[in-house]
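All chains are named by letter (A, B, ...) in the order of the sequence lines, taking the proteins before the strands, and each is independently numbered beginning at 1.
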There are 2 protein chains.
Amino acid sequence: MRGGNMKLSSEQQEIIERIGVFFERKGHQPILGRIMGLLLVLEEAEATFDEIQEYLSVSKSAVSNALTLLQSQNKVEYTTKPGERKRYFRLKVRNWRNDMQEDMQGIFRINALLKDVMATRSASNMEFNRCIQDFQQFIEFMKVEMPKLIEKYDRLHNS
Amino acid sequence: MRGGNMKLSSEQQEIIERIGVFFERKGHQPILGRIMGLLLVLEEAEATFDEIQEYLSVSKSAVSNALTLLQSQNKVEYTTKPGERKRYFRLKVRNWRNDMQEDMQGIFRINALLKDVMATRSASNMEFNRCIQDFQQFIEFMKVEMPKLIEKYDRLHNS
DNA sequence: ATTTTGGTTCTCTTTTTTATGAACTAACAA
DNA sequence: TTGTTAGTTCATAAAAAAGAGAACCAAAAT
């Protein structure tokens, strides 16, 4: 398999683990992050099912479930090569900017909850209410300005 | 205790649960989010240890640990009232804008990892490398522009 | 001095998550 | 037909997280 050299440098292993914990802390399960790390670190930027299994030394089922999940989350895709049945899995890096924007939108989703909170609150504690409203206003502002910022970036770089 | 009416409306309960899952999905443990929800929903915007226990019907230890954690995360603080030993716990709403900024910085932290990834990669797969670099550039841009945006907000509102 | 209040800490159970390994399947190969 | 490759699915084990409850402790009240 692929030149027979299945060894990762300790540098690479370390980065894989770090990327692993990064995604773990985002609420994903451990192997997901490690697979992403692996696919980032490999020169080819892709790997087959059993390469992933061997590099990370995890079970087939773990790999299978993780890949299914990553694909359903649009983080990974696969290509095939003519005459081969194996799938070559790789990161959908092009989606990452989008993912990041979604992550930011996710942060802002507290706003919908706060709106409902405010709907249940009376006017009896205006000091507190005012605090919440200020925060909401800030979120609103960011929610409006963020897309503009992204447009600006695209104008500067991709146009 | 506090007028003796320890009942939350079903509306309030529902919001507490929703806020609960919101924070749970951010990687926090369930009661943390529910306590935050409770403190958002109560008219007084504060509650004593045993009010929290009773409203949420959880154990003393759960409340104690959760409050300790929330305080260590700067999400909750307490005040006392003259002649009373009880602590009145409340949200540090004023910190939320800051928390949100930190959450956004957290999203950007992938950049440091990508920097280390790139340091290990050779020039052999430029197509992939380019993708990563583009993404990094985008993050850099956001990291620079975000503080400016916040300044802008402050200029418009708080000055 | 001893009781009560307001919590904290420790141990243990329950629940949830994560991963394993074996059995299974679908497609192709000999 | 029988075997092989490339995975998937299922039952379950192992490990981690969450929470309960009792014992505990320090400050204040009686």
Side-chain angles (χ1 to χ4, degrees), chain A residues 1-2 6 16-17 19-39 46-73 75-90, chain B residues 1-2 6 16-17 19-39 46-73 75-90:
Chain A
M1 100 198 357
R2 190 100 60 165
M6 292 295 291
I16 289 174
E17 292 309 313
I19 292 173
V21 332
F22 180 82
F23 284 100
E24 208 170 333
R25 300 203 351 155
K26 276 201 172 182
H28 303 290
Q29 66 195 94
I31 3 175
L32 297 195
R34 298 221 205 101
I35 291 179
M36 308 246 277
L38 178 67
L39 296 177
E46 61 180 17
T48 65
F49 191 98
D50 34 274
E51 281 170 350
I52 294 173
Q53 214 201 311
E54 195 162 343
Y55 277 128
L56 302 180
S57 36
V58 290
S59 67
K60 280 177 97 175
S61 44
V63 173
S64 177
N65 289 323
L67 286 175
T68 305
L69 233 143
L70 285 169
Q71 288 172 93
S72 81
Q73 292 175 2
K75 298 222 178 299
V76 162
E77 66 189 343
Y78 68 80
T79 45
T80 47
K81 307 204 170 177
E84 263 191 86
R85 263 215 279 163
K86 282 181 194 178
R87 277 117 86 154
Y88 287 81
F89 296 93
R90 61 154 75 141
Chain B
M1 98 200 356
R2 188 100 61 165
M6 291 296 291
I16 291 174
E17 292 310 312
I19 292 172
V21 334
F22 180 82
F23 284 100
E24 207 170 333
R25 300 204 349 157
K26 275 200 172 181
H28 304 289
Q29 66 195 95
I31 3 176
L32 298 195
R34 300 223 203 96
I35 291 179
M36 308 246 277
L38 178 67
L39 296 178
E46 60 181 18
T48 65
F49 190 99
D50 33 275
E51 282 169 351
I52 294 172
Q53 213 200 310
E54 195 163 342
Y55 277 128
L56 302 180
S57 34
V58 289
S59 66
K60 280 177 97 175
S61 46
V63 173
S64 177
N65 289 323
L67 286 175
T68 305
L69 233 141
L70 285 169
Q71 289 174 92
S72 81
Q73 291 174 2
K75 299 221 177 299
V76 162
E77 65 189 344
Y78 69 81
T79 45
T80 47
K81 306 203 170 179
E84 266 191 85
R85 261 214 281 162
K86 284 179 190 176
R87 279 122 82 157
Y88 288 81
F89 297 93
R90 61 157 71 143

Under 4.0 Å from any heavy atom of chain A: name the first and the last nucleotide of DNA chain C that qualifies, 5' to 3'.
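Range of nucleotides touched by chain A: C:dT18 to C:dA27.
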Rounded interatomic separation in angstrom, taking [atom1] from [X] and [atom2] from [N]:
X       : N      : atom1 : atom2 : answer
B:Leu69 : D:dG19 : CG    : C1'   : 14 Å
A:Gln29 : D:dA15 : CD    : P     : 17 Å
B:Gln53 : D:dG19 : CD    : C1'   : 12 Å

Just by protein heavy atoms under 4.0 Å, how would nucleotides 5-11 of chain D read 5' to 3' in B, S and -?
BSBBBB-
Run the side-chain contact (heavy atoms from CB on, under 4.5 Å) test against [X] and tell me which residues pass, sequence neighbours left out.
X       : answer
B:Ser59 : B:Ser61, B:Ala62
B:Thr79 : B:Glu46, B:Tyr88, B:Arg90
B:Ser72 : none

Set of residues satisfying side chain to side chain donor-acceptor pair (under 3.5 Å) with respect to B:Glu17, sequence neighbours excluded
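Per chain and number, B:Glu17 pairs via side chain to side chain donor-acceptor pair (under 3.5 Å) with B:Arg34.
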With sequence neighbours left out, what residues match A:Lys26 under side chain to side chain donor-acceptor pair (under 3.5 Å)?
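Listed in chain order: A:Asp103.
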Please report how far the helix from C:dA1-D:dT30 to C:dA30-D:dT1 bends, comparing the axis fitted to its first five pairs with the axis fitted to its last five, to the nearest 10 degrees.
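If I round to tens, the end axes sit 20° apart.
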For B:Phe89, give me all partners under ring pair (Phe, Tyr, Trp, His ring centres under 6.0 Å), at least two apart in sequence or on another chain.
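Here the qualifying residues are B:Tyr78.
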Using ring pair (Phe, Tyr, Trp, His ring centres under 6.0 Å) as the criterion, list what pairs up with B:Phe49, not counting sequence neighbours.
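Partners of B:Phe49 under the ring pair (Phe, Tyr, Trp, His ring centres under 6.0 Å) test: none.
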Flag side-chain contact, heavy atom, 4.5 Å: [X] against [Y]:
X       : Y       : result
B:Lys75 : B:Met36 : yes
B:Leu39 : B:Ile35 : yes
A:Leu69 : A:Gln29 : yes

